[in-house]
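Accompanying notes for the structure given below.
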Amino acid sequence: MAIQRTFSIIKPDATKRNLTGQIVAKFEEAGLRIVASKRIQLTLAQAQQFYGVHSERPFFDELCEFMISEPIVVQVLEGEDAIAKNREVMGATNPEDAAPGTIRKEFALSIGENSVHGSDAPETAAEEIAFFFSGLELVG
Ligand code: DAT
Ligand code: MG
């Protein structure tokens with residue numbers, strides 16, 4: 001597997017509880033390198049666009065309101081097989097199903113307030129990185 005880049009969000013439940021550093025440490029321990037990082041607060045329109053794929057789901061409004069409720073940290077992670085590796089470090093969407101040691105097992109509050117987002121495929125990783133970062137901001 002080649003070196004890949006993936007997109008990550010440290011979500012409002014985690015920034016609010018001052019867990020940014022502990023979550024970044026999990027990425028770094030897994031061999032993922034932070035090649036871009038910024039703290040921002042999304043507008044509702046941005047959250048709705050970012051999560052557009054879920055617009056028909058019953059939890060869409062709740063998800064978007066949650067994502068704008070506090071600042072978030074958006075990052076690009078780089079490493080061997082980074083997309084799958086990040087999903088592994090994150091753990092299952094529902095923290096009750098997440099494996100021990102994963103970010104969601106250790107920090108998530110619920111299926112909605114689950115501390116992190118991570119891209120699920122190379123195409124979505126490329127789209128999500130481009131949504132938040134310009135090429136100049138990616139420092140490998
Ligand atoms: P993931 O974030 O693991 O990729 P997803 O893409 O299926 O999960 O869903 C995106 C986010 O939407 C997820 O992180 C939290 C929220 N979500 C998913 N299923 C939910 C549900 N049943 N109830 C409330 N929020 C949910
Ligand atoms: Mg997803």
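The shown structure was predicted, so the numbers you read here are calculated from the model rather than taken from an experiment. Every number for a ligand or one of its atoms is a count from 1 in the order of the listing.
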Measuring from each atom of ligand 1, which residues have a heavy atom under 4.0 Å away? Lys11, His54, Phe59, Leu63, Arg87, Thr93, Arg104, Ile111, Gly112, Asn114
Among Arg5, Arg33, Lys85, exactly one meets salt bridge (charged side-chain N to carboxylate O under 4.0 Å, His left out) together with Glu78. Which residue is that? Arg5
Answer yes or no: does atom CD of Glu137 have more than 12 heavy-atom neighbours from other residues, nucleotides or ligands under 6.0 Å? yes
Just checking, any donor-acceptor pair under 3.5 angstrom between side chains of Glu113 and Ser110? no
What side-chain donor-acceptor pairs closer than 3.5 Å can you find for residues 70-77, not counting sequence neighbours?
unit_1	atom_1	unit_2	atom_2	d
Gln75	NE2	Ser37	OG	3.0

Does Lys38 count as lying over the ring of Phe133, i.e. NZ or CZ under 6.0 Å from the six-ring centre, within 45 degrees of the axis? yes
How long is the span from the CG atom in Leu42 to the CZ atom in Phe132, to the nearest 0.5 Å? 5.0 Å
